Amino acid sequence: MVLRPPVEPVLAQAAESVPGPAAVRAGVAYEQKLDGHRVLLFTPAGPGGTVVVQSRRGALVQDRGPDLVAPAVEQLPPGLVLDGELVVWDAEEGRLSFEALQRRAAARARSAPALAARWPAYFVAFDLLQLGGEELLRRPYRDRRAELEKLFTDYALTPPWMLVPQMTDLAKARQWLDTWTDVTGVEGLVIKPLTSPYLPG
């Protein structure tokens with residue numbers, strides 16, 4: 001089955017603390033949770049197709065991200081679907097800016113290039129749903145992450161494409177939670193079972 005928008009993204013459930021040793025024994029990975037907009041990016045199956053950027057709620061928003069669409073055509077392979085977080089870097093402030101991201105999201109298409117020049121967007125990828133036209137939803141997260149890392153290596157991807165930091169060490173994850181959440185734009189951790197398929201919704 002070839003994935004086409006809209007695809008309902010998998011959703012996390014909030015928790016007040018990091019799961020204990022039992023969850024760790026079952027096998028989990030820890031990723032940074034960024035303060036951005038959840039989006040899915042679709043590359044066309046072949047030449048002449050359109051790059052599509054879908055919001056969490058299913059809206060198509062690629063007209064607001066020319067700084068993503070052009071690099072997607074140039075750098076990404078066909079038949080790809082990525083799940084990730086769209087963030088904006090404010091060079092003047094030297095930090096991620098949710099406010100600037102909101103302004104870009106609310107802009108009309110004609111003002112998008114100017115806003116993209118002022119506040120460039122970055123796609124922080126954390127899951128791979130389709131590769132070469134083959135959907136991967138039933139594959140365990142461990143395999144999808146390995147394929148995602150391979151994609152970044154094989155295509156030597158550079159910004160605006162970024163790979164979300166991930167680890168499987170509980171002690172280091174707790175350290176992340178204690179230190180990185182003081183950084184503007186980092187909200188916490190997302191904890192994923194290594195054996196879990198991608199479950200839309």
Side-chain angles (χ1 to χ4, degrees), residues 7-41 55-57 68 81-102 105 119-129 131 136-201:
V7 172
E8 192 175 2
V10 66
L11 301 176
Q13 295 178 323
E16 292 298 321
S17 60
V18 177
V24 175
R25 283 194 296 272
V28 296
Y30 307 92
E31 296 177 354
Q32 288 180 349
K33 170 68 176 77
L34 301 176
D35 186 16
H37 284 179
R38 179 76 172 276
V39 292
L40 277 71
L41 184 139
S55 74
R56 172 178 167 174
R57 299 187 185 279
L68 288 181
V81 181
L82 293 172
D83 188 359
E85 199 83 3
L86 194 61
V87 298
V88 161
W89 180 257
D90 187 328
E92 293 178 7
E93 298 289 333
R95 62 177 177 85
L96 295 176
S97 174
F98 189 75
E99 296 80 9
L101 179 62
Q102 290 283 68
W119 294 308
Y122 297 86
F123 187 100
V124 185
F126 50 68
D127 216 328
L128 178 60
L129 311 191
L131 182 63
L136 308 176
L137 302 186
R138 296 174 186 82
R139 298 266 297 274
Y141 166 74
R142 177 192 288 112
D143 293 356
R144 300 195 313 275
R145 174 71 188 200
E147 291 286 358
L148 181 60
E149 292 176 1
K150 187 173 184 297
L151 175 78
F152 269 75
T153 300
D154 290 351
Y155 287 85
L157 296 182
T158 57
W161 317 113
M162 303 182 74
L163 184 62
V164 75
Q166 183 243 56
M167 65 170 60
T168 55
D169 184 283
L170 175 59
K172 289 182 179 177
R174 290 185 190 279
Q175 186 178 19
W176 259 4
L177 196 59
D178 292 338
T179 57
W180 278 97
T181 47
D182 293 334
V183 177
T184 300
V186 181
E187 294 183 315
L189 294 175
V190 178
I191 303 170
K192 298 181 177 180
L194 292 172
T195 57
S196 176
Y198 191 93
L199 303 172

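On a predicted model such as this, the values are computed, not experimentally measured, just so you know.
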- Would L96 and W89 count as a side chain to side chain contact (heavy atoms under 4.5 Å, CB included) if you check the C-alpha gap in whole Å, the side-chain angles of each, and the deciding distance to 0.1 Å? CA-CA 5 Å; L96 295 176; W89 180 257; 3.9 Å; yes

- For side chain to side chain contact (heavy atoms under 4.5 Å, CB included), just list the numbers for D143 and R138, CA-CA rounded to whole Å, side-chain angles, deciding distance to a tenth of an Å, and then say yes or no. CA-CA 10 Å; D143 293 356; R138 296 174 186 82; over 6 Å; no

- Checking side chain to side chain contact (heavy atoms under 4.5 Å, CB included) for the pair D35/V87: CA distance, chi angles, key distance, verdict? CA-CA 7 Å; D35 186 16; V87 298; over 6 Å; no

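Across E187 and L34, no two heavy atoms sit closer than the pair OE1-O, 3.6 Å. Annotation for L170 and Y30: closest pair CD1-OH, 3.3 Å, computed over non-hydrogen atoms. Annotation for F98 and G36: closest pair CE1-O, 3.7 Å, computed over non-hydrogen atoms.
Of the inter-residue distances, the one linking R56 atom CZ with L11 atom CG reads 5.0 Å to the nearest 0.5 angstrom. Rounding to the nearest 0.5 angstrom, the gap separating the CG atom in L40 from the CZ atom in F123 is 7.0 Å.
A 4.5 Å side-chain heavy-atom check between L128 and L82 finds at least one atom pair inside the cut-off. For the pair F126/R38, a side-chain contact is recorded, criterion being any heavy-atom separation below 4.5 Å from C-beta on. Between L86 and L68, the closest side-chain pair of non-hydrogen atoms falls below 4.5 Å. Considering only heavy atoms from C-beta on, V81 stays 4.5 Å or farther from L136 through its side chain.
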Side-chain donor-acceptor distances from residues 189-201 under 3.5 Å, at least two apart:
residue: K192; atom: NZ; partner: E31; partner atom: OE1; Å: 3.1
residue: K192; atom: NZ; partner: E31; partner atom: OE2; Å: 3.4
residue: Y198; atom: OH; partner: V10; partner atom: N; Å: 3.0
residue: Y198; atom: OH; partner: D83; partner atom: OD2; Å: 2.6

Donor-acceptor pairs are to be reported for all side-chain atoms of residues 153-162 against protein atoms at under 3.5 Å, with residues two or more places apart or in another chain.
residue: T153; atom: OG1; partner: E149; partner atom: O; Å: 3.1
residue: D154; atom: OD2; partner: K150; partner atom: NZ; Å: 2.6
residue: W161; atom: NE1; partner: Q75; partner atom: OE1; Å: 3.3

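Partners of V88 according to the side chain to side chain contact (heavy atoms under 4.5 Å, CB included) rule, which considers only residues two or more places apart in sequence or in another chain, are A100, L101, R104, W119, A121. Checked against side chain to side chain contact (heavy atoms under 4.5 Å, CB included), P165 has the following partners two or more places apart in sequence or in another chain: Q32, W176. Residues meeting the salt bridge (charged side-chain N to carboxylate O under 4.0 Å, His left out) test with D169, sequence neighbours left out: none. For R57, there are no side-chain hydrogen bond (donor to acceptor under 3.5 Å, both in side chains) partners two or more places apart in sequence or in a different chain. Considering only residues two or more places apart in sequence or on other chains, Q102 meets the side-chain hydrogen bond (donor to acceptor under 3.5 Å, both in side chains) condition with H37. By the salt bridge (charged side-chain N to carboxylate O under 4.0 Å, His left out) test, R144 pairs with D127, sequence neighbours left out.
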